[in-house]
2 protein chains.
Amino acid sequence: MCCFEPSVSTGSGANRLRGLAQPMDIRQGRTVPIDPAKDFLVFVGSGTTKLIASASGGREQIVAFHFSGELVSVPVNAWHSYRLSALVQTEVLAFPAEDFLGIAVSEPVLQAELLRRTMTALHRCRDKAVGLGRKNAQERLASFLVGMADRIGIAEEGSCTLELPMSRRDIGDSLGLTIETVSRQFSELRMTGLIETSGRSRVLLRDIPALAERAGHV
Amino acid sequence: MCCFEPSVSTGSGANRLRGLAQPMDIRQGRTVPIDPAKDFLVFVGSGTTKLIASASGGREQIVAFHFSGELVSVPVNAWHSYRLSALVQTEVLAFPAEDFLGIAVSEPVLQAELLRRTMTALHRCRDKAVGLGRKNAQERLASFLVGMADRIGIAEEGSCTLELPMSRRDIGDSLGLTIETVSRQFSELRMTGLIETSGRSRVLLRDIPALAERAGHV
DNA sequence: ACCCTACATTGATTCAGATCAATTTTAGGA
DNA sequence: TCCTAAAATTGATCTGAATCAATGTAGGGT
């Protein structure tokens with residue numbers, strides 16, 4: 001597994017961390033099994049996950065996607081119930097948050113990295129909140145595509161190729177839309193010439209600045 | 001001013017922090033003037049602020065409210081443009097984020113506190129995203145009231161009094177709704193007997209568990 | 001105590017996206 | 001290669017909140 005320690009920690013803290021979590025293999029579509037009595041910090045060694053919040057009435061909102069090498073905070077004491085689910089075969093390390101933070105206090109570099117990542121997550125979440133609160137379907141999808149391009153896109157001259165690991169339903173659950181609306185907006189962007197698609201998952205972004213414009217980014 | 005140091009820092013770091021920021025008095029309705037070239041961490045010494053994100057077309061989304069003693073991260077390199085505005089006369093300390101974090105690395109306790117607060121902000125932001133993405137107007141307002149009760153409510157036997165420092169427009173901008181819809185939902189909750197209001201800002205929550213239920217919390 | 005202006009409420013109508021309802025396409029397995 | 005179930009697309013209709021339009025009210029200033 002792609003290892004957590006090299007990127008964020010050195011020295012004895014690394015050994016102490018290793019004792020806190022067993023590496024786990026999560027199959028596609030399965031939920032990371034964590035003790036529902038405490039918060040967790042989950043490191044995604046390889047693969048892709050989605051963090052899902054459930055509200056009453058079976059409604060689900062995907063709060064974030066995570067790619068290999070990223071760290072997710074999975075809270076338990078919140079208004080909604082959260083779970084982490086694998087979009088593809090995924091390897092994770094799940095640390096009880098309390099224990100992890102306890103070790104981090106005595107490892108300033110590890111703690112600084114954790115803080116940096118948490119701030120990035122916060123800033124992403126805020127940008128997402130703006131989309132959910134104030135943008136229409138087209139802007140939300142454009143914003144999603146630009147964001148994904150930034151994280152997992154393969155840049156080419158003037159354009160960018162995406163291999164999306166998530167379904168239309170996942171995209172809808174992430175953008176607060178239905179699959180039908182997501183599909184219609186894909187068609188719309190395709191007709192405008194801003195994107196091309198092939199199969200279920202490949203998307204070619206032909207003009208990222210124009211998409212960002214369409215996304216309402218300032 | 002209520003001081004930052006006692007709560008989160010001791011020793012020499014406190015002195016170094018003091019050198020980074022001048023205390024500022026922000027009048028009601030004014031924006032905290034910060035250098036738009038870098039991220040900031042703003043400590044709210046007294047008063048109340050809102051963090052506003054602007055998307056294109058003059059649309060605004062309030063991403064969070066902050067009360068006295070709280071710390072806000074104001075990012076500059078994001079998809080939307082953020083600013084921090086005072087709801088009432090407010091005293092703040094604005095630290096350039098880079099400098100603050102630089103000092104924090106050598107002050108594990110300060111850094112740990114900063115991390116704890118950032119995680120709280122992230123968890124709040126996620127719960128907000130669920131509301132914006134998947135809840136109807138009534139659930140959003142109920143959720144807002146329960147959340148405010150938690151932060152600034154004055155508990156009584158079985159009920160709770162709120163003195164809201166924000167206008168209906170602010171509430172709408174926070175919940176992704178218009179003032180008219182917010183007003184209608186206040187009336188609705190009033191008629192159901194779940195709340196009572198007096199004047200523009202006082203709200204009495206008569207049954208918080210019922211409101212939480214109405215809010216779709218699980 | 002009285003204005004006067006912002007703010008809030010209430011009602012009528014419109015519209016973007018949800019919902020309902022068929023197809024059509026995709027990609028993995030026989 | 002064909003077959004099939006799941007996923008995606010497209011179309012018709014419905015609905016909750018936005019928008020447009022008055023009207024009512026609170027509370028600071030004189």
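In what follows, chains are A, B, ... by sequence order, proteins preceding strands, each numbered from 1.
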Test for a donor-acceptor pair under 3.5 Å between the base of D:dG11 and the side chain of A:R184, counting only N and O atoms. yes
Does A:E98, at its CD atom, have more than 12 non-hydrogen atoms belonging to other residues, nucleotides or ligands within less than 6.0 Å? no
Looking for any heavy atom pair under 4.0 Å, which part of the strands does B:I179 touch: base, sugar-phosphate only, or nothing? nothing
So what does B:R202 touch, heavy atoms closer than 4.0 Å: a base, only the sugar-phosphate, or nothing? nothing
Select one nucleotide: of C:dA18, D:dA7, D:dT9, the one nearest the side-chain heavy atoms of A:R200. D:dA7
N/O (side chain, B:S187) to phosphate O (OP1/OP2, C:dT9) under 4.0 Å: no
Does A:Q138 or B:F186 map to a spot on DNA chain C nearer the 5' end, using the closest nucleotide for each? B:F186
Look at atom CZ of B:R59 and say whether more than 12 heavy atoms of other residues, nucleotides or ligands are closer to it than 6.0 Å. yes
Which part of the nucleic acid, if any, lies within contact of A:R168, taking any heavy atom under 4.0 Å across all strands shown: a base, the sugar-phosphate backbone alone, or nothing? sugar-phosphate
Let's test this: given Watson-Crick or G-U wobble pairing with both distances under 3.5 Å, identify the partner of C:dT10. D:dA21
May I ask you to decide whether B:D173 forms a salt bridge with B:K50, counting only side-chain N to carboxylate O separations under 4.0 Å? no
Within this structure, what is the CD-to-P distance between A:E180 and D:dA7, rounded to whole angstrom? 14 Å
Under 4.0 angstrom between B:S183 side-chain N/O and C:dT9 OP1 or OP2: yes
Check whether any side-chain nitrogen or oxygen of A:T181 sits under 4.0 Å from OP1 or OP2 of C:dA18, and answer yes or no. yes
Atom pair distance, as rounded to whole Å: CG in B:L164 and P in D:dA26: 16 Å
Considering every strand and a 4.0 Å limit on heavy-atom distances, what is the contact class for A:R140: base, sugar-phosphate, or nothing? nothing
So B:G172, base contact, sugar-phosphate only, or nothing? Heavy-atom distance under 4.0 Å. nothing
Identify the residue among A:I52, A:V63, A:V76 that makes a side chain to side chain contact (heavy atoms under 4.5 Å, CB included) with A:Y82. A:V63
Using atom CG of A:L177 as one end and atom C1' of D:dT9 as the other, report the distance to the nearest whole Å. 16 Å
Does any part of the side chain of B:M119, heavy atoms only, come nearer than 4.5 Å to the side chain of A:D39, both counted from C-beta? no
May I have the distance from B:R59 (atom CZ) to D:dT19 (atom C1'), rounded to whole angstrom? 15 Å
What does B:S167 touch in the nucleic acid at a heavy-atom separation under 4.0 angstrom: a base, only the sugar-phosphate, or nothing? sugar-phosphate
Report the glycosidic orientation of D:dA7: syn if within 90° of 0, anti in every other case. anti
